[in-house]
Enquirer: 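Structure below; questions to follow.
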Amino acid sequence: MLRENVIPDASTIAMLLRAAASIVKLGFEFNLFLQTGLLNFYAKVGNLESAKRVFVEMPERDSVVHNVMIAAFGKQGYVSDARKLFDDMPERSSFSWNSMISCYCRLGDIENARSIFDCNPLKDVISWNTMIDGYCKLGQLTVARELFDHMGCAKNTVTWNTMITGYVQCREFRKAISTFHEMQAEHVWPDEVTMISLLSASAHLGALDMGNWIHAYVRRRNFKIDVVLGNALIDMFSKCGSIDAALDVFYGLPKKNVFCWNSIIVGLATYGYGRKVIDTFIDMQKAGVKPDGVTFVGLLSGCSHSGLISEGRQYFSQMLSIYGIEPGLEHYGCMVDLLGKAGFLEEALELVKAMPMAPNTIVLGSLLHACQVRKDAKLTEQVAEHLLDLDPHDGGNYVFLSNFYASVNRWHDVEKCRKLMVEKGVQKTPGCSSIEVDNVVHEFVAGDSSHPQLSQIKLFLDDIGKKLISLGHQADMTPVLHDIDEEEKESAVRYHSERLAVAFGLMCTPPGKPIRVVKNLRACSDCHAAIKLISKLFERDIIVRDRSRFHHFRDGSCSCQDYW
DNA sequence: ATAGGGTTAG
């Protein structure tokens with residue numbers, strides 16, 4: 001039962017205790033062997049009090065018993081109890097040392113973990129792995145890598161996995177992938193855990209080729225696609241703009257837990273398939289899986305992206321009453337976005353005022369976007385200033401406010417805004433778009449000319465620009481006129497990062513192959529219009545994942561139907 | 001008995 005990870009309940013424990021009692025009744029001596037078994041049981045169940053009682057009552061305690069107790073204390077964060085036992089031990093094995101290291105690491109006490117590690121005369125691969133993971137969990141990747149590079153024993157699969165997941169957890173996705181290549185070069189066999197971490201990295205990078213390779217590898221090695229690996233595949237495919245492949249994996253899974261349902265619902269939502277989101281939500285309940293807060297984020301954002309206003313309102317109001325889930329900040333955020341996008345500005349504003357918690361920058365950002373949709377100057381200014389108060393270090397907010405002032409010709413305020421930015425030392429987050437070509441992720445960052453083919457790409461874009469004009473494209477210069485940095489004005493819109501990435505894709509991939517781009521910010525309106533035409537001009541599907549959703553451009557139009 | 005794994009609003 002324990003091996004199957006089924007948590008025993010009180011009646012199971014009662015039965016076991018009865019069995020233990022009958023052992024005594026039958027004349028068996030309640031010896032060290034039986035007591036160790038009982039202690040083990042209590043430790044696994046997490047019943048520390050009973051475990052302690054058995055431990056104290058034992059006539060003699062060997063090293064194994066100590067280790068069980070130390071591990072039990074450690075798992076629940078009772079580090080001083082664990083340490084006391086550890087210090088009192090007559091004879092320590094590597095298990096004891098490793099339990100102590102992992103206990104300190106779990107609590108984030110890296111100094112004590114390290115001093116135990118350094119004193120440990122029996123350092124084995126587990127000691128190294130635990131220590132490396134401890135540093136990774138605190139974001140100290142350089143120290144982790146230092147240990148990783150200078151290990152006193154051979155690395156195993158777990159060692160590599162620890163380093164790779166460390167990079168993924170710290171959002172160093174490219175380093176995660178390059179570390180995997182080193183792992184292959186050293187002929188260490190990757191396992192399911194490796195695949196899951198790599199899938200997460202590919203999902204974030206939008207690296208579909210890498211994701212496809214992993215999928216093929218998983219099948220070649222006959223890895224069992226359980227809920228975790230399945231979920232990682234679903235998430236990778238949907239984040240890489242391949243929602244059909246995500247659906248294939250999803251429907252092919254024999255067992256689906258709430259993670260799997262959530263991933264596919266969130267995936268469908270970012271694609272703007274609102275109806276399908278709702279159908280899937282209904283299927284989820286039919287399958288007997290209870291929705292959670294994340295499910296509602298997907299459901300509500302799905303309604304928002306598809307303009308399903310009454311459905312969104314309905315599900316939001318049912319969250320607590322029917323599903324027993326208290327709406328959180330993120331759910332209010334979805335609703336503000338849903339109402340604001342649809343033009344219900346007053347209602348969105350009322351909701352922000354009525355929220356039981358203070359709005360964050362995301363909520364206010366949605367509200368700001370709603371003000372723009374309605375062109376409400378007074379409210380725009382209010383919200384933008386509130387936003388600056390809340391987060392004075394996000395350059396995007398200053399740019400937005402400055403652009404707003406410029407659009408109403410308040411040049412004095414534009415200047416004030418610019419000065420404030422300089423004073424606070426705030427930098428605008430540069431737009432960054434990436435595209436994967438031949439298994440390499442190419443990044444284009446606004447204002448950065450490090451890409452070796454940048455000048456060719458720009459020439460190609462100029463050429464495209466002329467063709468677009470002949471197709472009737474009128475450049476929307478609003479973002480250029482109002483851009484804060486003088487130098488950026490010239491090339492700002494024409495060389496926006498998403499356009500560089502799309503052009504590079506057109507240059508480097510065979511005709512007919514879909515182009516997939518990932519952008520860190522919201523797509524700009526002029527680029528949106530231009531890419532629509534480019535999709536027609538070059539007869540290419542172009543799939544852009546921006547900060548909030550997918551835009552699938554085909555034959556001159558976009559899947560968002562210009563509602564975004 | 002000790003190490004590595006998945007979903008979240010713009």
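Numbers restart at 1 for each chain; the letters A, B, ... are given by sequence-line order, proteins then strands.
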Enquirer: Can you give me the closest heavy-atom contact between A/C334 and A/L300, atom names plus distance?
Expert: CB-CB, 3.7 Å
Enquirer: Classify A/N120 by what it touches in the nucleic acid, base, sugar-phosphate, or nothing, heavy-atom distance under 4.0 Å.
Expert: nothing
Enquirer: Which part of the nucleic acid, if any, lies within contact of A/I264, taking any heavy atom under 4.0 Å across all strands shown: a base, the sugar-phosphate backbone alone, or nothing?
Expert: nothing
Enquirer: Classify the ring geometry of A/F550 against A/Y271: parallel below 30°, tilted from 30° to 60°, perpendicular beyond 60°.
Expert: tilted
Enquirer: Any luck finding a side-chain donor-acceptor pair between A/D292 and A/T295 under 3.5 Å?
Expert: yes
Enquirer: So, does A/S366 use its side chain to make a donor-acceptor pair with the main chain of A/I362 at under 3.5 Å?
Expert: yes
Enquirer: Tell me what A/D546 touches on the nucleic acid: a base, only sugar-phosphate, or nothing, going by heavy atoms under 4.0 Å.
Expert: nothing
Enquirer: So what does A/K239 hit on the nucleic acid, given a heavy-atom distance under 4.0 Å: a base, only sugar-phosphate, or nothing?
Expert: sugar-phosphate
Enquirer: Looking at A/M236 and A/S202, what are the two nearest heavy atoms and their distance?
Expert: CG-CB, 4.0 Å
Enquirer: Identify whether any heavy atom of A/K75 sits under 4.0 Å from a base atom; if not, whether one sits that close to sugar-phosphate; answer base, sugar-phosphate or nothing.
Expert: sugar-phosphate
Enquirer: Name the nucleic acid region contacted by A/N156, choosing base, sugar-phosphate or nothing; use a 4.0 angstrom heavy-atom cut-off, strictly under.
Expert: base
Enquirer: On the 0 to 90° scale, with breaks at 30° and 60°, tag the A/W564-A/H528 ring pair as parallel, tilted or perpendicular.
Expert: parallel
Enquirer: Could you tell me the boundaries of the chain A footprint on DNA chain B, defined by atoms under 4.0 Å from its heavy atoms?
Expert: B/dA1 to B/dG10
Enquirer: Looking at every strand, decide which applies to A/D62 at a 4.0 Å heavy-atom threshold: base, sugar-phosphate, or nothing.
Expert: nothing
Enquirer: Which of these passes side-chain contact (heavy atoms from CB on, under 4.5 Å) with A/H66: A/R61, A/E91, A/R92?
Expert: A/R61
Enquirer: Can you list, in residue-number order, the parts of residues 189-204 of chain A that come under 4.0 Å of DNA chain B, counting heavy atoms only?
Expert: A/D191, A/V193, A/I196
Enquirer: Looking for any heavy atom pair under 4.0 Å, which part of the strands does A/V336 touch: base, sugar-phosphate only, or nothing?
Expert: nothing
Enquirer: Once side chain to side chain donor-acceptor pair (under 3.5 Å) is applied, what residue pairs with a partner in residues 323-336 of chain A remain, sequence neighbours excluded?
Expert: A/Q285-A/Y323
Enquirer: Answer yes if the side chains of A/D124 and A/N98 hold a donor-acceptor pair under 3.5 Å, and no otherwise.
Expert: yes
